[in-house]
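Structure, as structure tokens:
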Amino acid sequence: MTTVEALTGPRVTLRAPTLDDAGPLFERACSDPEVARYMVWQVHPDVEETRRVIREVLNSGGETSWAIDLPGTGPIGVIGSRRPRPHHIEFGYYLGRPWWRQGYMTEAVRLLLDSARRDPAVYRVSAYCHVDNTASARLLEHCGLRLEGRLARCLVLPNLGPEPQDCLLYGLALR
């Protein structure tokens with residue numbers, strides 16, 4: 001289990017997800033086909049699957065995951081990272097539809113980037129998004145990442161079908 005440092009911004013707090021978050025995350029994000037559309041996981045069929053993911057997937061196997069908590073509302077999404085190499089962090093995220101295009105994910109990504117900048121071992125951050133996910137591409141650019149290329153047949157996104165999909169790679173050198 002990974003130790004997760006809470007990160008606090010003006011409107012959101014990133015904190016370790018708990019089993020108590022399963023209900024809200026299932027209702028707000030994990031059961032929504034539009035939220036899951038460009039994700040590497042399938043829509044959760046029930047809250048038990050969300051509980052299982054919190055218990056067995058998030059913050060395990062070298063991944064660090066934070067619930068995106070909106071004070072007075074609770075968890076509205078998740079942002080996570082992993083280190084494919086000691087100097088490099090890859091990250092991804094999802095957010096419930098009612099909170100899209102309100103700046104919450106921008107704030108969450110910036111909190112993650114600020115945390116990465118404070119780690120002297122991290123030189124690079126990157127993220128992938130599907131070629132048609134223009135909202136995510138704009139968010140990454142808005143947060144300072146640069147388009148580094150289009151990767152043909154890069155990721156299987158099961159909500160789009162069984163074949164690997166083309167993705168865009170965004171990156172940022174921190175040092």
Side-chain angles (χ1 to χ4, degrees), residues 1-2 4-82 89-112 126-140 142-143 151 153-168 170:
M1 197 75 155
T2 303
V4 178
E5 171 193 3
L7 306 171
T8 302
R11 300 186 303 156
V12 301
T13 297
L14 306 185
R15 59 167 178 76
T18 68
L19 288 177
D20 290 339
D21 296 329
L25 285 173
F26 173 75
E27 291 171 16
R28 297 169 178 173
C30 298
S31 63
D32 185 338
E34 282 302 305
V35 171
R37 179 182 209 168
Y38 296 120
M39 303 306 296
V40 296
W41 47 267
Q42 291 183 316
V43 172
H44 294 187
D46 53 45
V47 72
E48 287 307 313
E49 176 63 6
T50 307
R51 276 191 194 91
R52 185 195 69 76
V53 168
I54 291 170
R55 190 173 48 251
E56 298 175 16
V57 177
L58 302 183
N59 291 315
S60 66
E63 180 182 314
T64 303
S65 303
W66 295 266
I68 302 167
D69 192 81
L70 190 60
T73 301
I76 59 172
V78 170
I79 187 168
S81 68
R82 67 184 188 93
I89 290 176
E90 291 180 341
F91 68 96
Y93 45 79
Y94 63 87
L95 190 68
R97 236 188 314 175
W99 298 277
W100 287 4
R101 294 176 180 82
Q102 296 180 46
Y104 295 118
M105 189 54 75
T106 297
E107 185 175 328
V109 169
R110 286 181 174 159
L111 287 169
L112 183 142
S126 65
Y128 300 96
C129 70
H130 186 272
V131 293
D132 294 335
N133 191 346
T134 56
S136 191
R138 279 193 309 266
L139 182 144
L140 293 168
H142 185 69
C143 290
L151 305 175
R153 305 300 225 167
C154 177
L155 292 172
V156 173
L157 304 174
N159 301 296
L160 297 179
E163 294 186 8
Q165 301 288 311
D166 289 4
C167 292
L168 303 175
Y170 282 85

Considering only heavy atoms from C-beta outward, does the side chain of [X] approach that of [Y] to under 4.5 Å?
X      : Y      : result
Cys129 : Tyr170 : yes
Leu7   : Thr13  : no
Ile79  : Tyr94  : no
Val53  : Leu58  : yes
Leu151 : Asp166 : no
Asp69  : Leu14  : no
Trp66  : Leu112 : yes
Arg28  : Pro75  : yes

Side chain to side chain contact (heavy atoms under 4.5 Å, CB included) partner of Trp99, chosen from Ile68, Val12, Leu70
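Going through the options one by one, the only one that passes is Leu70.
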Smallest separation among heavy atoms of [X] and [Y], with atom names:
X      : Y      : value
Glu48  : Arg51  : OE2-NH1, 2.5 Å
Pro164 : Arg153 : O-NH1, 2.8 Å
Ser81  : Ile89  : CB-CG2, 3.6 Å
Val43  : Ala36  : CG2-CB, 3.7 Å

To the nearest 0.5 Å, tell me how far [X] [atom1] sits from [Y] [atom2].
X      : Y      : atom1 : atom2 : result
Tyr104 : Thr73  : OH    : OG1   : 7.0 Å
Cys143 : Arg138 : SG    : CZ    : 13.0 Å
Leu155 : Leu160 : CG    : CG    : 11.0 Å
Ser126 : Leu140 : OG    : CG    : 10.0 Å
Asp132 : Cys167 : CG    : SG    : 10.0 Å

Criterion side chain to side chain contact (heavy atoms under 4.5 Å, CB included) on Val156 and Gln165, from CA distance to verdict:
CA-CA 6 Å; Val156 173; Gln165 301 288 311; over 6 Å; no
Determine whether the side chains of Ser136 and Tyr93 contain a donor N or O and an acceptor N or O closer than 3.5 Å.
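Yes.
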Is it true that the side chains of His44 and Thr50 contain a donor and an acceptor less than 3.5 Å apart?
yes
Could you please spell out the steps behind the side chain to side chain contact (heavy atoms under 4.5 Å, CB included) verdict for Val35 and Trp100?
CA-CA 10 Å; Val35 171; Trp100 287 4; 4.0 Å; yes
Charged N-O contact under 4.0 Å between Arg15 and Asp21:
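Yes, this pair counts.
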Do NZ/NE/NH1/NH2 and the carboxylate oxygens of Arg11 and Glu107 come within less than 4.0 Å?
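A salt bridge is present here (some side-chain N lies under 4.0 Å from a carboxylate O).
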Take His142 and Thr106 through the test side chain to side chain contact (heavy atoms under 4.5 Å, CB included) and record every step on the way to the result.
CA-CA 8 Å; His142 185 69; Thr106 297; 3.6 Å; yes
Taking it one step at a time, do Arg82 and Glu90 satisfy salt bridge (charged side-chain N to carboxylate O under 4.0 Å, His left out)?
CA-CA 5 Å; Arg82 67 184 188 93; Glu90 291 180 341; 2.7 Å; yes
Is there a side chain to side chain contact (heavy atoms under 4.5 Å, CB included) between Leu25 and Val78 once you walk through the steps?
CA-CA 9 Å; Leu25 285 173; Val78 170; 4.0 Å; yes
Quick one: does Asn159's side chain have a donor or acceptor within less than 3.5 Å of a partner on Trp41's backbone?
yes
Closer than 3.5 angstrom, by distance alone: can the side chain of Ser31 be matched with the main-chain N or O of Phe26 as a donor-acceptor pair?
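Judged by distance alone, yes, a pair lies under 3.5 Å.
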